[in-house]
Amino acid sequence: MKFGIIRERKNPPDKRVVLSPKACQKVLKAHTKAQIIVEPSPIRAYADDDYKQLGITVASEMDNCDVLLGVKEVPIDSLIPNKKYFFFSHTIKKQPYNRDLLRAILEKNIEMYDHEVITNKQEQRVVAFGRYAGIVGAYNGFRAYGLKFDLFNLPKASGLPDQTALITELKKLSLPNIKVLLTGRGRVGNGSREMLDGMEMRRVTVTEYLEETFNEPVYCQIDAGEYNKRKDGVRGNKANFFANPEEYKSNFFRFAKVTDFYIAGHFFGQGSPYLFTREDAKHQDFKIRVVADISCDIDGPVASTIRPSTIADPIYGYDAMTESEADFKKPEAIAVMAVDNLPCELPRDASEGFGEAFIKNVIPAFFNDDKDGVLERARMTQNGKLTARYSYLQDYVDGKE
């Protein structure tokens, strides 16, 4: 089995890679029938020489590989027909901007495996960059807070080498007695929590957060059960919420009344109530002035997120009264950090974490006849057609929806 590590060609450039040089070495050591060829790249977080020094072949020979591994979408004109590809296609939710990409994948008889749908038997995702989005997103949120109130100017995350360096910068801060709210307990939310704990910010309970004042900055991490409640008044729970989101309404505003800085690291499912609406943001009791929206759902559950921002220009302002963009430094504006490719700012850490998961959960499937069904569940296309599991995308491919 010959694996090819493809060069990332999407713009803006992405420095991440599925397998770092050391990860390649691990694969070759564990699987004697595996071969790896790395396509040369001028932008990758690891130089071509980093691979060569560990004995990994670097060559423009992707045509000779069986399985091609990438991170972001491959431009249509760079797709090699009749290959197996792994990358984030951003098509499984019928994203209009990638309809032509999925059509091309089918036309070129490509067997497509999307990282987003690589799951275990319990249907839980096993390879993801979410933790690193949470790590960088929390850091960028504090950077936005400092800039909005002219308190401090943190260096950009993309200029620092790793998570340890980010935490070192955060520990230098002298923060006012603010309350920081973090939603989500998944990979993203817990990645952000690593940063809050790393900077030694005190964590408090929901009751303490809502009812008490403090002489130091504090944070509270909440999940769906705390910011939603059943419409009928019956006591709900997280499992019931995810199964029946339409039976719930938001209970978030009680937090918005006491929160200075909000980090959104939750998963937002179809049919779920919004956390706060545009009307909520206009309320005189709405206190949030900085939002780090790591989830970055546009015009969705976090009303102030009206567009994604970029690594180059990560912060914009939201004027609640006009429901439009404004200078984020204006007192009445909410400063919004909504970068939608946060892990790119920590490419080595993100690549190493992703690679470990890929080696553990995916690579063995190529050598054990896919005994756990990992490849079968993630295979979107085969023989020029959508597989049964992804047949729901047919009307999307046909342009009917």
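Between R103 and D100, at least one side-chain nitrogen of the basic residue sits less than 4.0 Å from a carboxylate oxygen of the acidic one, meeting the salt-bridge criterion. Taking the charged nitrogens against the carboxylate oxygens, R230 and E247 do have a contact shorter than 4.0 Å, which makes a salt bridge. Comment: K121 engages D372 in a salt bridge, judged by a side-chain N to carboxylate O separation of less than 4.0 angstrom. The pair E8-K72 does not meet the salt-bridge criterion, since no charged nitrogen lies less than 4.0 angstrom from a carboxylate oxygen. Classification of R9 and E39 as a salt-bridged pair holds, one side-chain N sitting under 4.0 Å from a carboxylate O.
Remark: R202 is not positioned above the aromatic ring of F214, lacking an NZ or CZ atom under 6.0 angstrom from the ring centre and at most 45 degrees off the axis. For the pair K257 and F286, the cation-pi test (distance below 6.0 Å, angle within 45°) is failed.
Panel note: side chain K179, backbone Y262; no donor-acceptor pair is recorded below 3.5 Å. Distance alone, capped at 3.5 Å, is enough to place a donor-acceptor pair between the Q95 side chain and the K93 backbone. One N or O on the side chain of T387 and one on the backbone of M380 form a donor-acceptor pair closer than 3.5 Å. A donor-acceptor pair is defined here as one N or O able to donate and one able to accept, closer than 3.5 Å; such a pair exists between the side chain of S41 and the backbone of R44. A donor-acceptor pair under 3.5 Å is absent between the side-chain atoms of K84 and the main chain of I110, judged by distance alone. Side-chain N or O atoms of N368 include one that pairs as donor or acceptor with a backbone N or O of K371 at under 3.5 Å. Between the side chain of K148 and the main chain of A333, a donor-acceptor pair closer than 3.5 Å is present. Not a single donor-acceptor pair under 3.5 Å links the side chain of T305 to the backbone N or O of I298.
Residues F86 and F358 bring their aromatic ring centres within 6.0 Å. Between H31 and F366, the ring centre distance reaches or exceeds 6.0 Å. Here the two rings, on Y248 and F241, have centers that are under 6.0 Å apart.
With 3.5 Å as the limit, one finds no donor-acceptor pair spanning the side chains of N190 and E194. No side-chain donor-acceptor contact under 3.5 Å links D299 and Y274. A side-chain donor from one of T205 and E208 sits under 3.5 Å from a side-chain acceptor of the other. With hydrogens and angles left out, the side-chain atoms of T259 and Y209 include a donor and acceptor closer than 3.5 Å. With 3.5 Å as the limit, one finds no donor-acceptor pair spanning the side chains of T310 and D313. Between the side chains of E352 and Y46, at least one donor N or O lies within less than 3.5 Å of an accepting N or O. Side chains of N251 and N228: a donor-acceptor N/O pair is absent below 3.5 angstrom, by distance only.
Annotation: side chain of R16 is in contact with side chain of P343 (closest heavy-atom distance under 4.5 Å).
Taking CD of E226 as the reference point, atom SG of C220 lies at 7.0 Å (rounded to 0.5 Å). Taking CG of L182 as the reference point, atom CG of L196 lies at 6.0 Å (rounded to 0.5 Å). Going from atom OH of Y316 over to atom OG of S309 covers 6.5 Å, rounded to the nearest 0.5 Å. Note: E325 CD to I306 CD1 = 5.0 Å, rounded to the nearest 0.5 Å. Between atom CD1 of residue I263 and atom CD of residue Q221 there is a gap of 9.5 Å, rounded to the nearest 0.5 Å. Note that the CD1 atom of I56 and the CG atom of L28 stand 5.0 Å from one another [nearest 0.5 Å].
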Could you go step by step and tell me if V27 and I36 meet the side chain to side chain contact (heavy atoms under 4.5 Å, CB included) rule? CA-CA 9 Å; V27 171; I36 296 176; 4.0 Å; yes
Check step by step if side chain to side chain contact (heavy atoms under 4.5 Å, CB included) holds for L160 and T168. CA-CA 10 Å; L160 297 169; T168 299; over 6 Å; no
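Within the structure, the side chain to side chain donor-acceptor pair (under 3.5 Å) test picks out the following pairs touching residues 110-120 (sequence neighbours left out): S89-D114, E111-Y113, E111-R379, Y113-R379, T119-R377, N120-Q124.
For F142, the ring pair (Phe, Tyr, Trp, His ring centres under 6.0 Å) criterion is met by F261, not counting sequence neighbours.
Only one option out of T381, V74, V67 pairs with Y85 in a side chain to side chain contact (heavy atoms under 4.5 Å, CB included); it is V74.
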